[in-house]
Enquirer: 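Below are the C-alpha cells for one structure; questions will follow.
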Amino acid sequence: MKRFLVIASLLLFTSIQVDAKEVWINNLRSDFLNNSSVIYEINIRTFNAKDKDGNGIIDFDAGEESGNFINAIDRLNELQAEGVTAIHVLPITPVGKTKALGTAGSLYAAAGFDSLNPQLKNNKSGLSLEDQARKFIQAAHDRGIAVIVDVPACGSYDLFLQSPELFVKDEAGQPIIPADWTDVRLLDAGNENQVNQDVLRAYKKYVDLMMDLGVDGIRADVAHCKPAKFWKELIDYSRTKDKEFLWLAESSDSWKEPVTAKAVFTPYDKLLEAGFDGYYGSFFNLKNWKTAKELENQVKLNLSLEKEIGEPKSVIGSFTTHDELSPILEKGRDYSRMIMWLNATLPINSYFVDGFETGDRYIYFWANKKAPKTYTDDEYYFAHRGKIDIFNFSRKPGGSDLELKEEFIRANQCKLIVKSILKDGSFRFLKTSAPSVFAYASSNKLQTVVVIGNLNFRQTLHDVKISVPRLTSTTAVIPVVMNNVPLLGKGKITTDLAGGEIQVLILDKFSINK
C-alpha cells in the first residue's frame, strides 16, 4: 500500500525557516516550557569534521580537520532548514589527558570550568578561541537557533591533581570513581546541609563564561549527583542575569540510586523544585515498553508536574540521546520514525542526536584498536558501540537515509501544527482495542490531530479500533503519515498497523472536546 506522508497545504506550513534576527532576545525558557523546542544534540569536535579519506578518524598530519567552532557554522543552515530551534552542545570545557578514555579524551572529563576546550579552535582563524565560540553562537542566533551547553558532572584526574579540594575522597585520600566512568572523578558539591563553596564557585565561573559567550541555557550532566541546595543557589545566580536562561536536568523518574555509595542522590522532583525547568523523563525506556499504558503513564506523569511543583515544568523526548543506542540498531528504521513523530505530537520538547535523521548507526570500525597517534595517555580508540563518539577525533555523524531525513523535516513541521492546536485546545489519550496500540489526540475547536502507534514491532495488527468521541463517518480526514487510510465510523477509527507503525491524521473541522 502507498504510504501517505504529507502536511496539508491548507495549513500553510510549507517552510519552517526562521528569518534572521537583528537583535537576539533569549526566549528559550518560555519556548521550552511551552513544549515548542526542537533540540538537536551536537558534539562540536565531530559536528563538521573533515574526514577526507573516509576512514572515520581525523588524521591531522594528512591535512584533515576535526570539528571546531568555525567550521560548525557551515552546518547551521542545514539545521535551520530541518526545523531545529535549539542545539544542545556537548561539553566544551577542556578535557583531561591523564587516565583518559580515547585518543582525544572524553568530553565529560572536565579539566576545568573557567575556559574552553582548545581542541575546538580553528587555527586558520585569527580570532581567539572565545571569540570563535561567540561567532558560532551568534551565527546560530542569526538563524533563530538557541544554544544550550552541557556542564559536566565530574572532573578529570588532571583537575584532581590541580584542585583536590573539589573532589570526594575515600579513606586513603584518593578521589572517587563514580559508576564505571574510569576517566572521571566525583566532584564534592556538598549536601543539603552545607554546599561546597569551592565547587559552587567553579560552577558560577562556568555560568559566567557561558553567559559571556551568549549561551541561552545549560544542560546539567547527571544532575542528581549534586544536592538540590547547590542547584538552587546556582540557578538563582543565573536568573539574576537572565530570567530566560534555561536549566535542563539530566535526571529521570526511573533513576533511584546514586552513581556511587559516596555520592549524593537528588530525585528529579527535588531538582525541579530547585529551579530546573525540565528533565529527561523516561522516554528512553520506549524500547522496552510493550503496552500503551506504559507510554500513557509517562506522559501523564509529566503533565502533572506543574500541579505538583507549583509552576510550569517540561520534559524532553529522551527517546534517543548520546547515551542510547542508535534507534536503527535498537529496533530498526521504523523505530526512528516512531521517535520523530512522538516528538512531534506529544506535549514534550523534541530531542534528537546529530546523525539521527539520516540513520547513523554510530559504528566505528577502528573501535578498541591501537591508534598510531594519541593526544592522551590512552593509545586505543575507545568508543561506545552504537553511540555517537565522544572520545576521539572522529568523522562527522551522519547516515545515507535521505528519505528518513525528509520525514524528519515533515515531522518538525507537523509539530508547529500540533503546537498551535494545543495552545488553545487539549490533549488526551484514546482507548484502543489492542494492549500494544497507543492512541492520543490533540484538539481545539477547529481541528483534531490523532496519533496511533503499534509498540509491537514484530506483528501486524488488523482491524484495531480506536475510540474517538463524536466522530462520524463523514468527518474530513487529512492524512499526514500512514500506510493506509483508516476507516471512520460512529465514535471510532478502525485501522491496520504493521509492526512498529505510527499513523498521524488530522480530522478537519472536528473537535473531540465537548
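Every heavy atom of this structure was used, including side-chain atoms; hydrogens, water molecules and symmetry mates were not. Throughout, numbering of the chain's residues begins at 1 and tracks the sequence.
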Enquirer: Asp242 and Arg29: salt bridge (Lys or Arg N to Asp or Glu O under 4.0 Å), yes or no, with the steps?
Expert: CA-CA 10 Å; Asp242 182 359; Arg29 187 183 180 200; over 6 Å; no
Enquirer: Under a 4.0 Å N-O cut-off, is there an ion pair linking Glu296 with Lys300?
Expert: yes
Enquirer: Kindly give the heavy-atom pair with the smallest separation between Asn26 and Asp216, and that separation in Å.
Expert: ND2-O, 3.3 Å
Enquirer: Tyr203 and Phe113: ring-ring contact (aromatic ring centres under 6.0 Å, His included), yes or no, with the steps?
Expert: CA-CA 7 Å; Tyr203 271 54; Phe113 292 92; 5.1 Å; yes
Enquirer: Under a 3.5 Å distance rule, please check whether Lys262 uses its side chain to pair with a backbone N or O of Thr260 as donor and acceptor.
Expert: no
Enquirer: Taking atom types as modelled and ignoring hydrogens, do the side chains of Thr345 and Lys415 form a donor-acceptor contact shorter than 3.5 angstrom?
Expert: no
Enquirer: Got a salt bridge between Asp170 and Arg185, using NZ or NE/NH1/NH2 to carboxylate O under 4.0 Å?
Expert: no
Enquirer: Using atom types as modelled and distance alone, determine if a side-chain donor or acceptor of Glu324 lies under 3.5 Å from a backbone N or O of Thr321.
Expert: no
Enquirer: Take a 6.0 Å sphere around NZ of Lys50 and say whether it holds more than 12 heavy atoms from other residues, nucleotides or ligands.
Expert: yes
Enquirer: Can you name the one residue among Ser254, Ser252, Ser251 that meets side-chain contact (heavy atoms from CB on, under 4.5 Å) with Tyr268?
Expert: Ser251
Enquirer: Determine whether more than 12 heavy atoms belonging to other residues, nucleotides or ligands lie under 6.0 Å from atom CD of Glu165.
Expert: yes
Enquirer: Decide, yes or no, whether a salt bridge links Lys232 with Glu273 under the criterion of side-chain N to carboxylate O below 4.0 Å.
Expert: no
Enquirer: Indicate the atoms forming the closest heavy-atom contact of Asn122 with Gln132, along with that distance.
Expert: N-OE1, 2.8 Å
Enquirer: Taking atom types as modelled, is there a side-chain donor on Asp401 or Thr358 under 3.5 Å from an acceptor on the other?
Expert: no
Enquirer: Tell me if the aromatic rings of Tyr362 and Phe356 count as close, with their centers under 6.0 Å from one another.
Expert: no
Enquirer: Could you check whether any side-chain heavy atom of Leu305 comes within less than 4.5 Å of a side-chain heavy atom of Leu272, counting everything from C-beta outward?
Expert: yes
Enquirer: Would you say the side-chain atoms of Asn302 and Tyr279 include a donor-acceptor pair closer than 3.5 Å?
Expert: yes
Enquirer: When you check the gap from the basic side-chain N to the acidic O, do Lys99 and Asp378 get nearer than 4.0 Å?
Expert: no
Enquirer: Out of Asp236, Asp208, Asp212, which residue meets the salt bridge (Lys or Arg N to Asp or Glu O under 4.0 Å) rule with Lys241?
Expert: Asp208
Enquirer: With no hydrogens and no angle check, is any side-chain donor or acceptor of Asp277 less than 3.5 Å from a backbone partner on Ser314?
Expert: no
Enquirer: Answer yes if the ring centres of Phe319 and Phe284 are under 6.0 angstrom apart, and no otherwise.
Expert: no
Enquirer: For Asp389, is there any backbone N or O sitting under 3.5 Å from a side-chain donor or acceptor partner on Ser394?
Expert: no
Enquirer: Assert yes or no for the condition that the ring centre distance of Tyr157 to Phe160 is strictly below 6.0 Å.
Expert: yes
Enquirer: Nearest 0.5 Å, please: how far is CD1 in Ile25 from CG in Leu28?
Expert: 14.0 Å
Enquirer: Could you tell me if Asp183 and Tyr108 have a donor-acceptor pair between their side chains, going purely by distance under 3.5 Å?
Expert: no
Enquirer: For the residue pair Phe352 and Tyr40, is the inter-centroid distance of their aromatic rings smaller than 6.0 Å?
Expert: no
Enquirer: Using every non-hydrogen atom in the two residues, find where Lys256 and Asp253 come nearest and quote the distance to one decimal.
Expert: NZ-O, 2.9 Å
Enquirer: Looking at Trp231, Phe245, Phe32, which one forms a ring-ring contact (aromatic ring centres under 6.0 Å, His included) with Phe276?
Expert: Trp231
Enquirer: So which atom in Arg333 and which in Ile328 form the shortest heavy-atom distance, rounded to 0.1 Å?
Expert: CA-CD1, 3.7 Å
Enquirer: Would you say Glu41's side chain and Val89's backbone share a donor-acceptor pair under 3.5 angstrom?
Expert: no
Enquirer: Minimum heavy-atom separation for Ser125 and Ile70, please, with both atom names.
Expert: CB-CG1, 4.3 Å
Enquirer: Is the shortest distance from a Lys or Arg side-chain nitrogen in Arg75 or Asp354 to a carboxylate oxygen in the other one below 4.0 Å?
Expert: yes
Enquirer: Between Asp360 and Arg395, does any NZ, NE, NH1 or NH2 come within less than 4.0 Å of an OD or OE carboxylate oxygen?
Expert: yes
Enquirer: Between Glu82 and Lys405, does any NZ, NE, NH1 or NH2 come within less than 4.0 Å of an OD or OE carboxylate oxygen?
Expert: yes
Enquirer: Determine yes or no for a side-chain-to-main-chain donor-acceptor pair under 3.5 angstrom, with Asn343 supplying the side chain and Tyr351 the backbone.
Expert: yes
Enquirer: Answer yes or no: is there a donor N or O on one side and an acceptor on the other, between the side chain of Asn43 and the main chain of Arg45, under 3.5 Å?
Expert: yes
Enquirer: Does the ring center of Tyr335 lie less than 6.0 Å from the ring center of Phe457?
Expert: yes
Enquirer: Measuring from Ser66:OG to Asp59:CG, what's the distance to the nearest 0.5 Å?
Expert: 11.5 Å
Enquirer: Centre-to-centre under 6.0 Å for His384 and Phe391, is that the case here?
Expert: yes
Enquirer: At their closest point, which heavy atom of Ala140 faces which heavy atom of Val147, and how far apart are they?
Expert: CB-CG2, 3.8 Å
Enquirer: For the backbone of Ala153 and the side chain of Lys226, can you confirm whether one donor and one acceptor N or O come within less than 3.5 Å of each other?
Expert: yes
Enquirer: Are any of the side-chain nitrogens in Lys369 or Glu379 under 4.0 Å away from the carboxylate oxygens of its partner?
Expert: no
Enquirer: Taking Asn27 for the side chain and Ser30 for the main chain, is one N or O donor matched with an acceptor at less than 3.5 Å?
Expert: no
Enquirer: Just checking, any donor-acceptor pair under 3.5 angstrom between side chains of Asp142 and Gln138?
Expert: yes
Enquirer: Any donor-acceptor pair under 3.5 Å linking the side chain of Arg219 with the backbone of Glu250?
Expert: no
